[in-house]
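Note sheet for the following structure.
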Amino acid sequence: MEMNISSKIYNTPKEALSGVLFDGMIILSGGFGVVGIPENLTLEIRDSKVKNLTVVSNNCGVDDFGLGLLLKTRQIKKMISSYVGENKLFAEQYLNGEIELEFSPQGTLAERCRAGGAGIPAFYTKTGVGTIVAENKEIKNIEGVDYLMEKAIIGDLSIIKAWKSDTSGNLIFRKTARNFNPPFAKAGKICVVEVEEIVETGSLDSDHIHLPGIYVDRIIKCSSYEKKIENLTTSVGK
Amino acid sequence: MAWSREDMCRRAALELKNGFYCNLGIGMPTMVANYIPENVNVTLHSENGMLGIGPFPLLSEVDPDIINAGKQTITELPESSYFDSSESFAMIRGGHIDLSILGALQVSEKGDLANWMIPGKMVKGMGGAMDLVAGVKKVIILMEHNAKDGTSKLVKECNLPLTGMSVVNMIITDLGVFEIENEKIKLIEKAKDVSLEEIVSRTEANISS
């Protein structure tokens with residue numbers, strides 16, 4: 001980028017995370033599987049050596065990519081996720097008692113963060129009524145139906161991945177790489193986004209913005225994206 | 001002769017009606033999409049944020065940014081749309097999805113479902129299953145009638161941790177099709193050449209026909 005008047009644009013993942021990391025913090029990390037994950041910011045968090053993290057993410061990466069890297073270095077103390085089945089290292093650390101795990105149903109997890117960002121401290125949902133998810137939670141009967149109270153999540157930091165940003169932080173995501181990124185962006189006290197392209201403010205159609213820049217504090221364009229594929233499935237060949 | 005997995009998928013596909021928005025679970029339920037009759041137009045929902053799932057891509061078409069909930073690479077269709085996870089589950093929780101087909105470990109006479117956890121084994125997580133069974137209008141379970149050790153998966157009471165209480169409407173197994181009505185399992189269709197006696201002998205739950 002040439003000279004930029006916007007204070008939201010940073011040059012490297014290290015700069016973009018400077019001053020916002022501390023031990024014991026809560027980090028919301030976008031993505032579903034390894035699609036739409038902030039892969040470069042995750043590498044920087046690993047290199048920063050910040051520890052005792054509570055990480056909120058639908059999944060926990062795979063062994064050598066995404067959040068799996070932070071498991072390897074034992075920087076994660078607790079995960080809040082809906083599914084951690086792709087990661088052998090996670091299973092190992094969990095069974096050894098090295099890592100705590102809170103399962104939150106996928107839609108409840110998304111809504112807890114959306115609610116956190118929207119100033120709603122808790123909400124009622126049918127999801128999980130009569131299951132172990134309901135343990136120690138308030139049940140309320142509303143017009144004859146039992147609902148479970150779920151509390152909002154607010155993070156100290158959210159790290160997300162978008163396709164394009166303008167210099168004001170208005171974001172556009174690409175295909176199913178959107179997933180948890182918008183609700184997590186809203187629920188972070190600070191939101192740092194990594195993108196594939198930064199364009200001048202005014203060059204995106206304002207009607208087509210997926211996430212308004214109000215939710216975005218810091219932006220970096222990264223030069224490389226590995227974009228691993230977990231489960232390559234094609235319609236020809238065996 | 002019990003139904004093959006292909007027969008089961010083909011039978012399940014008959015439950016997808018014209019105009020339906022459907023969510024197909026991971027594994028065998030995903031395969032049901034291959035057997036949707038040609039004159040039936042349904043829109044498939046993927047809970048990671050897509051409506052209008054297309055077929056698997058050719059190798060040359062693979063796009064790492066388009067996956068289904070099983071993390072398989074897929075394609076989009078002209079009518080496809082993308083949205084975030086909170087919007088996706090608002091559709092589910094809000095009752096906008098007509099049908100979900102899921103797998104199961106156990107289903108009880110009351111329609112309780114256990115399909116996410118076996119205590120003592122590594123717990124992978126419920127993913128979106130609890131949200132789907134709580135919010136989707138109709139829930140169909142597609143599963144083998146018996147577990148690998150021969151025990152019945154249609155049970156009086158689930159002894160595995162539940163995914164949802166009284167949430168299952170229909171069960172399709174290799175032996176037949178069952179409906180749950182007023183906390184009772186009713187046999188509505190037998191697989192070809194399968195007798196009522198065989199079904200009863202291989203089922204723990206009480207079955208009416």
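Reminder, nothing fancy here: chain letters follow the sequence lines and each chain counts from 1. This is a predicted model, so every value here is computed, not measured.
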Kindly compute the distance separating [atom1] ([X]) from [atom2] ([Y]), expressed to the nearest 0.5 Å.
X: Asn179(A); Y: Ile67(B); atom1: CG; atom2: CD1; answer: 7.5 Å
X: Lys175(A); Y: Thr75(B); atom1: NZ; atom2: OG1; answer: 10.5 Å
X: Tyr82(B); Y: Phe173(A); atom1: OH; atom2: CZ; answer: 15.0 Å
X: Asp65(B); Y: Tyr225(A); atom1: CG; atom2: OH; answer: 11.0 Å
X: Lys124(B); Y: Ser82(A); atom1: NZ; atom2: OG; answer: 13.5 Å
X: Phe56(B); Y: Leu232(A); atom1: CZ; atom2: CG; answer: 10.5 Å

Is it the side chain or the backbone of [X] that comes within 4.5 Å of chain B heavy atoms, both, or neither?
X: Asn58(A); value: neither
X: Ser81(A); value: neither
X: Ile229(A); value: side chain
X: Tyr94(A); value: side chain
X: Phe90(A); value: side chain

Out of [options], which one racks up the most heavy-atom pairs below 4.5 Å with chain A?
options: Leu162(B), Leu59(B), Asp131(B); value: Asp131(B)
options: Met165(B), Arg93(B), Met50(B), Met117(B); value: Arg93(B)
options: Ser85(B), Ala134(B), Ser166(B); value: Ser85(B)
options: Pro64(B), Gly135(B), Gly128(B), Gly127(B); value: Gly127(B)
options: Ser81(B), Ser46(B), Ala69(B); value: Ala69(B)

Task: Check: Thr73(B) side chain, Thr233(A) main-chain N or O, donor-acceptor pair, under 3.5 Å - done: yes

Task: Ring-face cation of Lys71(B) near Phe32(A) (centre distance under 6.0 Å, axis angle within 45°) - done: yes

What part of [X] is in contact with chain A, defined as an atom under 4.5 angstrom from a non-hydrogen atom: side chain, backbone, both or neither?
X: Ile66(B); answer: both
X: Pro57(B); answer: both
X: Val167(B); answer: neither
X: Asp63(B); answer: side chain
X: Glu61(B); answer: neither

Check the surroundings of atom [atom1] in [X]: do more than 12 heavy atoms from other residues, nucleotides or ligands lie under 6.0 Å from it?
X: Lys17(B); atom1: NZ; value: yes
X: Asn136(A); atom1: CG; value: no
X: Ile214(A); atom1: CD1; value: no
X: Lys151(A); atom1: NZ; value: no
X: Tyr21(B); atom1: OH; value: no
X: Lys186(B); atom1: NZ; value: no
X: Lys227(A); atom1: NZ; value: yes
X: Asn18(B); atom1: CG; value: yes

Open item on the list: A side-chain contact here means heavy atoms from C-beta on lying under 4.5 Å apart; do Thr131(A) and Thr163(B) qualify?
Closed with: no

Open item on the list: Could you check whether any side-chain heavy atom of Phe89(B) comes within less than 4.5 Å of a side-chain heavy atom of Glu111(A), counting everything from C-beta outward?
Closed with: no

Task: Presence of salt bridge, Arg114(A) and Asp84(B), under 4.0 angstrom - done: no

Open item on the list: So which residue, His210(A), Arg174(A), Glu230(A), ends up with the most heavy-atom pairs under 4.5 Å with chain B?
Closed with: Arg174(A)

